[in-house]
There are 2 protein chains.
Amino acid sequence: MNNHSCNCERCQHKICAKRVPIFSTLNAEEINRVVNLIIRKRYSRGEMIILEGSHLDSLIIINSGKVKAFRNTFEGKEQIIYIFSQGDFFGEKNLLINQNAQYNVEALEVTHVCTIKKDDFKKLLREYPEIGLKIIEELCSRLERLENAVESMGTKNAEERVNEVLLEFARKYGKESQNGIIVELPLSREGIANYIGVARETVSRKMNLLQEEGIIEMVGNKKVIIRNIDAL
Amino acid sequence: MNNHSCNCERCQHKICAKRVPIFSTLNAEEINRVVNLIIRKRYSRGEMIILEGSHLDSLIIINSGKVKAFRNTFEGKEQIIYIFSQGDFFGEKNLLINQNAQYNVEALEVTHVCTIKKDDFKKLLREYPEIGLKIIEELCSRLERLENAVESMGTKNAEERVNEVLLEFARKYGKESQNGIIVELPLSREGIANYIGVARETVSRKMNLLQEEGIIEMVGNKKVIIRNIDAL
DNA sequence: CGTTCGATTGATGTCAGTCAACCCGAGTGG
DNA sequence: CCACTCGGGTTGACTGACATCAATCGAACG
């Protein structure tokens, strides 16, 4: 794990704290206080940020990059539970309730994070209750995603789930263009499979079908152009 | 919907507010204030408490009884997302973020609820930040349940899921006895099926298998005695 | 150019969903 | 008291979707 301190200017530091939704209600002076509590870290693709079951003493906020949060079943299957990117945080359960990590977190690409020590964060929370509201907001949207996931996994077949995940990625990571929506996939086929709970071969097959129908176009393995979003 | 005001004594009212975890940190005087904001309602088995998509202007806290929160897919399948019982609340998303109900809520048995108007609740939240922390705690445990559900639905087969749901019910609703753990099932076979995302026939079959193996014993349709909890 | 890792494709097997019949206990009404 | 209905629950037969296994491909990279 690379753990070197940040070499950027103070002002950039401030921007990074300002970018984080949970601090967005604070004024310049308050942000300044927060900035002084932050320790930055950098992770390369594939590096583990948190191991399931380990003890955590900091809140971790993503500054740039993407990570996957996942569990391994004892048969060796992996279930991806969240994909976090800029502004998302995790480790909150370990701070607020006293609990060890519920899942592994691994960087999907080069990822910069801000970490805040448990005690510092609790102090902030007490002083600025709006932070608590922001956290509630974030937890609610996380609940929403999981509620959708449960519905999808409980009632939908493989094809519908692939369509859904493509829609989700398009919404989160897609860029409009004249050809359609260009989506940089955050996960490999296997990753997608582990996210929606099907076999990786099935993801391949269903995506191929979509391509044959002209609904999507695959560009290499990491990029997809969605030509007909309504068909998904 | 029966909507008559409560006829119980003031003191019982207090107990009801005291029983609710999110108010557990308040002192007697503060509880009193909360009590004056509460409107009680009663629902019979099968009554709808919330309709998906409807507008909500109160937080709803369960005082006694059980409810299911669920969605219907357009093919008519039902996915149960939560089972709420005493002390659980819902409708929070509609208050904190401005959003319509994400799911239907239906009483599984006679259910008494406390409701608090949006504005009143927001005021409380501002005055007593500890309530916010309690809510975060509750949201975290809800996240945990959904994370487990996603893992289970993504990686486990029907048999394992039936075992899991029996364990969950045993933990939440089971009573120890010399014969084993007696569990009053909150859901019908079909309900269980819609909770774990399998067909109702499959639930029947898997439970029969468990009975043949002597791991559980079914007493009528609503009750199960778990003889060998470790086998689940 | 060889190696490696991920993606694809095809062949096969199986789990669980679907369909249909039947059961059973609780109400209901004659 | 019996006949009927009705809503769950159970059981069996069938089948299809998807997992699994295995072979091959292809791009990336040293």
Side-chain angles (χ1 to χ4, degrees), chain A residues 44-46 68 73 75-80 106 108-109 152-166 169 183-213 216-224, chain B residues 44-46 68 73 75-80 106 108-109 152-166 169 183-213 216-224:
Chain A
S44 326
R45 175 189 162 87
K68 64 174 179 182
T73 66
E75 301 109 339
K77 286 189 190 171
E78 168 180 313
Q79 177 65 46
I80 297 178
E106 179 187 324
L108 292 170
E109 54 189 51
S152 169
M153 294 176 129
T155 65
K156 310 268 176 78
N157 63 22
E159 186 177 337
E160 293 170 302
R161 286 195 244 171
V162 170
N163 293 355
E164 271 186 14
V165 80
L166 287 176
F169 289 162
V183 185
E184 207 68 45
L185 298 175
L187 296 174
S188 65
R189 297 302 132 100
E190 179 154 29
I192 295 174
N194 293 341
Y195 190 50
I196 63 178
V198 300
R200 66 176 175 285
E201 293 94 331
T202 303
V203 175
S204 271
R205 285 189 253 261
K206 298 304 178 189
M207 285 182 67
N208 255 17
L209 273 183
L210 289 173
Q211 177 156 254
E212 280 165 28
E213 294 168 321
I216 67 171
E217 181 181 328
M218 297 190 254
V219 185
N221 289 332
K222 312 254 79 181
K223 203 191 289 188
V224 161
Chain B
S44 325
R45 174 189 162 87
K68 65 174 178 181
T73 65
E75 300 109 340
K77 287 189 189 170
E78 169 180 309
Q79 177 65 45
I80 298 178
E106 179 187 324
L108 292 170
E109 55 190 51
S152 169
M153 294 175 129
T155 65
K156 309 268 176 80
N157 63 22
E159 185 175 339
E160 294 170 303
R161 286 195 242 173
V162 169
N163 293 355
E164 272 186 13
V165 80
L166 288 175
F169 289 162
V183 185
E184 208 67 46
L185 298 176
L187 296 174
S188 65
R189 297 303 130 101
E190 178 154 30
I192 295 174
N194 293 341
Y195 189 50
I196 63 178
V198 301
R200 65 175 176 287
E201 292 96 328
T202 303
V203 175
S204 271
R205 286 188 254 260
K206 298 305 177 187
M207 284 182 67
N208 255 17
L209 273 183
L210 288 173
Q211 178 157 252
E212 280 165 27
E213 295 169 321
I216 68 172
E217 181 181 329
M218 298 190 252
V219 185
N221 288 331
K222 313 254 77 178
K223 203 191 288 188
V224 160

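Chain identifiers are assigned alphabetically (A, B, ...) following the order of the sequence lines, protein sequences preceding nucleic acid strands; residue numbering begins at 1 within each chain. Here the structure is a predicted model, which means the values were calculated and not measured.
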From CE of B:M153 over to P of D:dC18, roughly how many Å is that when rounded to an integer?
15 Å
Exercise answer: donor-acceptor pairs, residues 187-200 of chain B side-chain atoms, under 3.5 Å, sequence neighbours excluded:
| unit_1 | atom_1 | unit_2 | atom_2 | d |
| --- | --- | --- | --- | --- |
| B:S188 | OG | B:E190 | N | 3.4 |
| B:S188 | OG | B:G191 | N | 3.0 |
| B:R189 | NH2 | B:N221 | O | 2.9 |
| B:Y195 | OH | B:R145 | NE | 3.2 |
| B:Y195 | OH | B:E168 | OE2 | 2.6 |

By side-chain contact (heavy atoms from CB on, under 4.5 Å), which residues pair with A:E212, not counting sequence neighbours?
A:L209
Once you build an axis from the first five pairs and another from the last five of the helix from C:dC1-D:dG30 to C:dG30-D:dC1, how far apart in angle are they, to 10 degrees?
30°
A:K68: partners by side-chain hydrogen bond (donor to acceptor under 3.5 Å, both in side chains), with sequence neighbours left out:
A:E78
Annotated protein contacts, base or backbone, on nucleotides 2-21 of chain C with a non-hydrogen cut-off under 4.0 Å, one of B, S, - each
-----SSBBB----SSBBB-
Given side chains that start at C-beta, do those of A:V224 and A:L185 come closer than 4.5 Å, heavy atoms only?
yes
Quick one: list whatever passes salt bridge (Lys or Arg N to Asp or Glu O under 4.0 Å) with A:E109, sequence neighbours left out.
A:K66
Residues 155-165 of chain A vs salt bridge (charged side-chain N to carboxylate O under 4.0 Å, His left out), sequence neighbours excluded, gives A:K156-A:E164
Rounded to the nearest Å, what distance is computed from the CG atom of residue B:L185 to the C1' atom of nucleotide D:dG8?
14 Å
Could I get the full list of side-chain contact (heavy atoms from CB on, under 4.5 Å) partners for A:Q211, not counting sequence neighbours?
A:N208, A:I216, A:E217, A:M218
Qualifying residues under side-chain contact (heavy atoms from CB on, under 4.5 Å), relative to A:K222, sequence neighbours excluded:
A:E184
